[in-house]
Q: 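One structure, pasted below without further comment.
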Amino acid sequence: MNVPESMTPWLRGQTDEAALEQVSQELTVGDVASLVGVSVRTLHHWDAAGLVQPRGRTPGGYRAYSAVDVGRIHRVLVYQELGFALTKIAALLDDPTVDETEQLQQQRRLLEERITRLRQMADAVDQVLASRTAGATLTAQQQAEIFGQGWREDWAEEARERWGDSDEWAQFERNAAVSSEDGRRRMQADGDALYSELAAAKRSGVAPGSDEANDLAEQHREMIGQLFACTHSMQVCLGQRYVQDARFSAYFDAREPELSSWLSEVIDANALRHGVDPANARWE
């Protein structure tokens, strides 16, 4: 399966023999960033968080990465690609009862499952393309089944004007159009259940940045991901809109006072753990 390079920059179609030979030596953080396709900032964040901590030192006293360290980075990247939170990845990689070979075999199984789901999605896209050719669009009833009875059709028109040319809107329309009526209702029910859980967490004093809050933030991102691929940076932008747009604020705050601002803070704290600066978040 061909994977767009922009989705997984660390994946390489062919083995780079020169790069492999270089890994036998100790590498600087800049070397490793170029080799695996992630930013120096991300590697520094993983180092500080204890996820990937190189043990070697360069002659100048800087951290140096070994082949073992680079191997761990690749395992982290695979788990990230599968949607695991960093805390979960660290727990898996540092579990002394789990054999490394077994972990790799598990990653292989999970990747195969994802490939199957992507192939199913590709088939769904073919169906949507056929329906679009016939002029089919997402109806107001279908929108209400996804977003709830409070959803207004003029909101859909505003969203279409704002994001209609984006890849995310195209994903949303494809995924929504191929969903069954029961699937859309289940999605709406799951959303209601999650927002009720968020309200209860805020009411009980769960602090942004705590493990419980980070888990809820990931559940929120996964829920959005049913409609379009939502990065942590995009999730921060959504959280900002929950606060800045009075309609969203009213929706959330009706469930629990100041839920909109608390949820935005929860999203920001979780995004920061994944290397995203909320102050500079972009829709990308």
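Bear in mind the structure is a predicted one, so any value in this text is a computation, not a measurement. We number each residue from 1, following the sequence as shown.
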Q: Give a yes or no answer on whether the side chain of Lys202 reaches the backbone of Pro257 with a donor-acceptor pair at less than 3.5 Å.
A: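 Checking the backbone N and O of Pro257 against the side chain of Lys202, a donor-acceptor pair under 3.5 Å is found.
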
Q: Not counting sequence neighbours, which residues clear salt bridge (charged side-chain N to carboxylate O under 4.0 Å, His left out) with Asp94? List them please.
A: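 Counting only residues at least two positions away or on another chain, Asp94 forms a salt bridge (charged side-chain N to carboxylate O under 4.0 Å, His left out) with Arg72.
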
Q: Rounded to the nearest 0.5 Å, what's the gap from CG on Leu92 to OG1 on Thr87? Could you check?
A: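 The OG1 atom of Thr87 is 9.5 Å from CG of Leu92, to the nearest 0.5 Å.
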
Q: Can you name the one residue among His274, Gln240, His220 that meets side chain to side chain donor-acceptor pair (under 3.5 Å) with Gln235?
A: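 The residue from His274, Gln240, His220 that satisfies side chain to side chain donor-acceptor pair (under 3.5 Å) with Gln235 turns out to be His220.
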
Q: Holding to side chain to side chain contact (heavy atoms under 4.5 Å, CB included), I want the full list of residues that pass it with Ser261, two or more places apart in sequence or in another chain.
A: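 Applying side chain to side chain contact (heavy atoms under 4.5 Å, CB included) to Ser261 gives Val243, Glu258.
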
Q: Under 3.5 Å, is there a donor-acceptor pair between the side chain of Arg57 and the main chain of Arg55?
A: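 Checked: no pair found.
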
Q: For Tyr65 and Val29, which heavy atoms make the closest approach, and how far apart are they?
A: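 For Tyr65 and Val29, the tightest heavy-atom pair comes out as CE1-CA, 3.7 Å.
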
Q: Is it true that Glu113 and Arg109 make a salt bridge, defined as a side-chain N closer than 4.0 Å to a carboxylate O?
A: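 Arg109 and Glu113: not salt-bridged.
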
Q: Distance-only, no hydrogens or angles: does the Ser204 side chain make a donor-acceptor pair with backbone N or O of Ala200 under 3.5 Å?
A: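 Yes; at least one donor-acceptor contact below 3.5 Å.
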
Q: Determine the minimum heavy-atom distance between Ser233 and Val276, stating which atoms define it.
A: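 Taking Ser233 first and Val276 second, the nearest heavy atoms are CA-CG1, 4.0 Å.
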
Q: Grab the two heavy atoms, one from Gln53 and one from Asp69, that are nearest each other, plus how far apart they are.
A: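 Of all heavy-atom pairs spanning Gln53 and Asp69, the closest is O-OD1, 4.2 Å.
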
Q: Is there a donor-acceptor pair closer than 3.5 Å between any side-chain N or O of Asp253 and the backbone N or O of Leu259?
A: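 Looks like yes, one N/O pair under 3.5 Å.
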
Q: Is a donor from one side chain sitting under 3.5 angstrom from an acceptor on the other, for Glu218 and His232?
A: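 There is such a pair (donor and acceptor under 3.5 Å, judged by atom type) between the side chains of Glu218 and His232.
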
Q: Kindly indicate whether the side chain of Asp277, heavy atoms from C-beta on, has any atom under 4.5 Å from the side chain of Arg41.
A: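 With C-beta onward as the side chain, the pair touches.
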
Q: If I compare all heavy atoms of Val236 with all of Ala281, which pair ends up nearest, and what's the gap?
A: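 That would be CG1-CB, 3.5 Å.
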
Q: Which heavy atom in Trp262 sits nearest to a heavy atom in Ala201, and how many Å separate them?
A: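 Shortest heavy-atom contact: CH2-CB, 3.8 Å.
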
Q: With heavy-atom distances below 4.5 Å as the criterion, would you say the side chains of Asp268 and Leu272 are in contact?
A: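 No, side chains not in contact.
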
Q: Taking all heavy atoms of Val40 and all of Ala33, pick out the closest pair and write down the distance.
A: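 Closest approach of Val40 to Ala33, heavy atoms only: CG2-CB, 3.7 Å.
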
Q: Could you give the side-chain donor-acceptor pairs of residues 205-214 under 3.5 Å, partners two or more places apart or in another chain?
A:
from   : atom 1 : to     : atom 2 : distance (Å)
Ser210 : OG     : Ala207 : O      : 2.7
Ser210 : OG     : Ala213 : N      : 3.2
Asn214 : ND2    : Gly209 : O      : 3.2
Asn214 : ND2    : Ser210 : O      : 3.2

